[in-house]
Amino acid sequence: MSETGTQSEAGTADGPRGDSIRGEALGSAPVPLSVLDLVTVGSGSTASWSLATSVELSRLAERRGYHRHWVAEHHSMPGVASSSPAVILAHLAAHTRRIRLGSGGVMLPNHAPLVIAEQFGTLEALAPGRIDLGLGRAPGTDGATAAALRRTDTLHEGADDFPEQLAELTRFLDDDFPDGHRYARIHAVPGPVQGPKGRPPVWLLGSSGFSARLAGLLGLPFAFAHHFSARNTVPALDLYRQSFRPSAVLDAPYTLIGVGALAADDEREAYRQVLTGALSMLRLRTGRPGLIPTPEEAEAYGFSPMEREFADDWLANVVYGTPDAVREGLDELRKRTGADELMLTANVHGGEARLRSYELVADAYAMPRLA
């Protein structure tokens, strides 16, 4: 039986809706909606405030029927406080009881596979049946920082290294290294060596065709970073579906795409907010990373023609505006890509704006308020 056939209940007060991978679309939403969180830190704010906002966001998402809340691993970025996803997820697990929680993702080449297996085995023990392990092969930072993380100047994320790391991690999660293997007597704890238990489903994340093809060949669910690689979305999803082979995990392809989205009470306010994210990304791409600027700072910034072109191109792939406009944009994107789930990310200055956006999107789809 596939993993998606092992948990068929629609959800309870104390457990996630849907099965271990597929979610349940609520209200008039065409597919399940989820949250991608970078724990952004705005100018005048602190990491403590941003982490508190993430707790509020997870509670709101649970209450409004969002399927999962993922945290992304990034390093050496002043405007992002999500360098330690496992630590944040443990905190979110303590403040929620139903929503799925996971990494979107953990950058596997930055870590020893055994460490990830232990971290996510611990998370699974803390929140049984609610943890996802999303994996990426990029460093989530610049090369120098990646070298500092790995204590080597050789970055292992190529065609041979990543599949090998993934296979090793999976063996640790399942505790099934063959006899004679050098790790056969090493156990990831918490884990199966302590008795039968569930384990987090593994997702592959990507922004190109490499992970799409690998996820398909392995029969794993696939999440694509549409929010910063929109031109590659449809080709990557097509490649995943064409490459897909049924597995013990999935009997059919399952795709999720990350979408930059921000709803506000009026179009002008939505634009003011998303411009803060565009300016932050411009600074990052030009070697000037910092805290997320305020809307006032973003509006006053003197964009050069080339910078304005970059900002406009960036905003062209963000779905923003009134709630109705965002709903229409998300519906169109879903039809164009055929995605099975939309994961919304709102990397803007203010925590209040982010929380308000997720509430407005839920209202636009008439998603219920759950106990």
Side-chain angles (χ1 to χ4, degrees), residues 1-9 11-12 14-16 18-23 68 70-71 73 84-94 96-137 161-205 211 214-215 217-223 245-251 254:
M1 179 181 291
S2 69
E3 185 169 345
T4 56
T6 61
Q7 296 177 326
S8 59
E9 69 271 15
T12 67
D14 296 310
D19 57 46
S20 60
I21 294 175
R22 295 183 175 91
R68 62 183 105 234
W70 280 4
V71 178
E73 177 185 347
S84 302
V87 176
I88 297 171
L89 293 172
H91 187 57
L92 298 181
T96 57
R97 57 193 176 94
R98 181 174 53 242
I99 193 168
R100 296 195 68 88
L101 301 168
S103 55
V106 162
M107 300 304 146
L108 181 55
N110 291 344
H111 313 277
L114 176 58
V115 171
I116 300 306
E118 290 177 334
Q119 289 178 350
F120 279 77
T122 301
L123 288 168
E124 180 68 23
L126 289 169
R130 290 207 287 141
I131 301 300
D132 299 323
L133 175 51
L135 300 169
R137 69 185 182 98
D161 296 317
F162 183 74
E164 182 179 344
Q165 293 167 333
L166 175 61
E168 183 178 308
L169 170 60
T170 303
R171 291 285 193 184
F172 277 124
L173 289 170
D174 292 332
D175 198 39
D176 67 353
F177 282 102
D179 291 341
H181 192 282
R182 60 176 177 162
Y183 295 152
R185 299 180 66 180
I186 299 175
H187 309 288
V189 178
V193 70
Q194 297 166 317
K197 65 181 288 294
R199 74 155 170 86
V202 170
W203 290 68
L204 293 194
L205 281 59
S211 292
L214 183 59
L217 292 174
L218 296 177
L220 297 175
F222 178 59
R245 298 175 182 175
S247 69
V249 176
L250 279 175
D251 55 12
Y254 191 83

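- Judged by distance alone, with hydrogens and angles left aside, the side-chain atoms of E124 form a donor-acceptor pair with the main-chain N or O of G129 at under 3.5 Å.
- Look at D132 and R199 and you find no salt bridge, because none of the NZ, NE, NH1 or NH2 atoms lies under 4.0 Å from a carboxylate O.
- Considering only heavy atoms from C-beta on, R171 comes within 4.5 Å of P178 through its side chain.
- Nearest heavy-atom pair across L204 and S211 is CD1-O, 4.0 Å.
- Here the side chains of F120 and V106 are in contact, with some heavy-atom distance below 4.5 Å.
- In terms of modelled atom types and a separation under 3.5 Å, the side chain of T96 and the main chain of R98 share no donor-acceptor contact.
- Side chains of R100 and S20: a donor-acceptor N/O pair is absent below 3.5 angstrom, by distance only.
- Remark: the backbone N or O of G134 is paired with a side-chain donor or acceptor of S103 at under 3.5 angstrom.
- Annotation: side chain of I186 is in contact with side chain of F172 (closest heavy-atom distance under 4.5 Å).
- The side-chain heavy atoms of L123 and L101, taken from C-beta on, include no pair separated by under 4.5 Å.
- For the 3.5 Å distance criterion, the side chains of H111 and E73 qualify, holding a donor opposite an acceptor.
- Between R22 and L250, some side-chain heavy-atom pair lies under the 4.5 Å cut-off.
- Proximity of a side-chain donor or acceptor of E164 to a complementary backbone N or O of D161 within less than 3.5 Å is not detected.
- Between L214 and L220 the shortest side-chain heavy-atom distance does not fall below 4.5 Å.
- With hydrogens and angles ignored, the 3.5 Å screen pairs a side-chain donor or acceptor of H181 with a backbone N or O of Y183.
- At a threshold of 4.5 Å between non-hydrogen side-chain atoms, the residues L133 and L169 count as touching.
- Side-chain contact between F162 and L108 is present, with heavy atoms from C-beta onward closer than 4.5 Å.
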